[in-house]
Amino acid sequence: MSIPVIAIDGPSASGKGTIAAIVAQRLGFHYLDSGAIYRVTAYAALQNKIDLADEPALVELAGRLDLRFDGAEVYLDGRPVGDAIRTEEAGRAASTIAVLPRLREALLARQRAFRQAPGLATDGRDMGTVVFPDAQVKVFLTASAEERANRRYKQLIEKGFCANFAQILQDLQERDARDAARSAAPLQHAPDAVLIDTTGMTIEAVVQAVLDLYSQAP
Ligand code: C5P
């Protein structure tokens, strides 16, 4: 039997990161926030003054990035990047480089390396479609754009960032449109993924729904 994977995909701020992290904790699984890999790659590119459209330079950068994950913290060259990759600007930069197919390919092995016993819970845009197509559980998590913008707004305020609801809603819709329209691993509800619309659901109810799917998985 292959090492189990619970793959949770969905649009920005759908709560997939929160849910995947809790599910991982409950099952004693490893956790991969694949968006953080795109965010930190874009962050490193900006620091190295690499154009976000320069695919060969980004592929080369991806090959030599010194990345380490420890819980929710990401270390780049041994230093914690903290919330610098959690801003809306970092999200935009991540989704700009995420359209590049050769860069996505260059980041595949890093993501697959997280599949270790006893199992992995992960979230992103293409976890169930491209990175772990044989995942035992595939979920497509969504919520209305307003609810997602509201969640992101609260998250940013709690972290002490300035936030503007209308701007967040617009950014989120633009990012979703770019993620869904790109030809390389677009954000999509795969036919074999279970759709969970979390609008109005509590975190615990969503976690339970995912755990139920896992316990029923063949
Ligand atoms: O999930 P998060 O908002 O942190 O992801 C940031 C961006 O990284 C997304 O908007 C998307 O463009 C990209 N991404 C991706 N594939 C993934 C995870 C994230 O293209 N598996």
Side-chain angles (χ1 to χ4, degrees), residues 5-21 24 31-46 52-53 55 58-59 61-62 65 67 69 72-74 76 81-115 120-133 135 138-143 145 148-149 151-153 155-156 159 161 163 168-190 193 198:
V5 174
I6 298 177
I8 305 182
D9 289 309
S12 318
S14 54
K16 56 194 188 312
T18 305
I19 302 300
Y31 167 57
L32 165 63
D33 165 9
S34 65
I37 293 187
Y38 286 89
R39 285 171 181 265
V40 75
T41 303
Y43 173 81
L46 292 172
L52 296 184
E55 190 166 22
L58 290 166
V59 168
L61 173 73
L65 272 186
L67 282 188
F69 286 76
E73 188 54 87
V74 183
L76 175 62
V81 290
D83 284 337
I85 60 163
R86 299 293 165 194
T87 62
E88 284 303 290
E89 193 194 356
R92 241 190 332 266
S95 102
T96 302
I97 62 165
V99 303
L100 303 168
R102 285 200 300 280
L103 174 66
R104 299 193 71 86
E105 229 175 273
L107 294 174
L108 271 181
R110 269 185 204 274
Q111 297 173 78
R112 290 184 176 146
F114 280 80
R115 186 175 198 166
L120 172 69
T122 181
D123 74 278
R125 304 296 184 290
D126 61 345
M127 295 296 102
T129 50
V130 177
V131 185
F132 302 108
K138 298 183 186 183
V139 173
F140 191 81
L141 209 66
T142 188
R148 292 187 286 118
R151 289 177 188 164
R152 179 57 51 86
Y153 175 81
Q155 230 174 34
L156 290 171
K159 286 187 173 169
F161 289 113
I168 290 174
L169 181 60
Q170 189 187 334
D171 272 3
L172 200 125
Q173 286 170 323
E174 279 173 15
R175 189 137 68 88
D176 289 347
R178 187 162 50 230
D179 288 346
R182 69 182 178 218
S183 52
L187 169 70
Q188 58 179 336
H189 172 202
T198 68

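The residues of the chain are indexed from 1 along the displayed sequence. Whatever order the structure lists ligands and atoms in, that order sets their numbers, starting from 1. Worth saying up front: this structure is predicted, and the values here are computed from it rather than measured.
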* What residue and heavy atom of the protein are closest to atom 18 (C) of ligand 1, and at what distance? -> Ser34 OG, 3.4 Å

* **Side-chain donor or acceptor of Arg39 paired with backbone N/O of Ala90 under 3.5 Å** => no

* Structure fact -> Within 4.0 Å of some non-hydrogen atom of Arg104, the atoms of ligand 1 are 15 (C), 16 (N), 20 (O)

* Exercise: identify the closest heavy-atom pair between Gly91 and Arg175 -> O-CD, 3.4 Å

* Could an N or O of ligand 1 be found under 3.5 Å from any N or O of Ser12, whether backbone or side chain? -> no

* Structure fact -> Within 4.0 Å of some non-hydrogen atom of Gly124, the atoms of ligand 1 are 18 (C), 21 (N)

* Asked: Any idea which atoms of ligand 1 are less than 4.0 Å away from a heavy-atom of Ala94?
  -> 6 (C), 7 (C), 8 (O)

* Asked: So, is Arg39 polar-close to ligand 1, with some N/O to N/O distance under 3.5 Å?
  -> yes

* Asked: Just going by heavy-atom distances, which of Glu174, Arg152, Arg178, Arg125 is nearest to atom 1 (O) of ligand 1?
  -> Arg125

* To do: Report yes if some heavy atom in the side chain of Leu187 is under 4.5 Å from a heavy atom in the side chain of Phe140; otherwise report no.
  => yes

* For Ala98, the ligand 1 atoms whose distance to one of its heavy atoms is below 4.0 Å -> 12 (O), 13 (C), 20 (O)

* Any pair counted as ring pair (Phe, Tyr, Trp, His ring centres under 6.0 Å), so long as it reaches residues 81-103, sequence neighbours left out -> none

* Mark yes when over 12 heavy atoms from residues, nucleotides or ligands other than Glu89 sit less than 6.0 Å from its CD; otherwise mark no. => no

* Asked: Counting from 1, what ligand 1 atoms have a heavy atom of Met127 closer than 4.0 Å?
  -> 21 (N)

* For ligand 1, which atoms sit closer than 4.0 Å to a heavy atom of Ser95? -> 10 (O), 12 (O)

* To do: For Thr198, enumerate each residue passing the side-chain hydrogen bond (donor to acceptor under 3.5 Å, both in side chains) test, keeping only those at least two apart in sequence or located in another chain.
  => Arg151

* **Contact check: Asp126 vs ligand 1, nitrogen or oxygen atoms, below 3.5 angstrom** => yes

* To do: Considering the heavy atoms of Lys16, write down every atom of ligand 1 situated less than 4.0 Å from one of them.
  => 1 (O)

* Structure fact -> For Leu120 and Leu32 the tightest heavy-atom approach is CD1-N, 3.8 Å

* Are the side chain of Asp9 and the backbone N or O of Gly128 linked by a donor-acceptor pair below 3.5 Å? -> yes

* To do: Could you please spell out the steps behind the side chain to side chain contact (heavy atoms under 4.5 Å, CB included) verdict for Leu76 and Leu67?
  => CA-CA 5 Å; Leu76 175 62; Leu67 282 188; 3.9 Å; yes

* Are the side chain of Arg112 and the backbone N or O of Phe132 linked by a donor-acceptor pair below 3.5 Å? -> no

* To do: May I ask you to check if ligand 1 and Tyr38 share an N or O to N or O distance below 3.5 Å?
  => no

* Asked: N/O to N/O below 3.5 Å, does that happen between Asp179 and ligand 1?
  -> yes

* Asked: Which protein non-hydrogen atom lies closest to atom 6 (C) of ligand 1, naming both residue and atom, and how far is it?
  -> Arg175 NH1, 3.5 Å

* Structure fact -> atom 19 (C) of ligand 1 sits nearest the protein heavy atom Gly35 CA, 3.6 Å

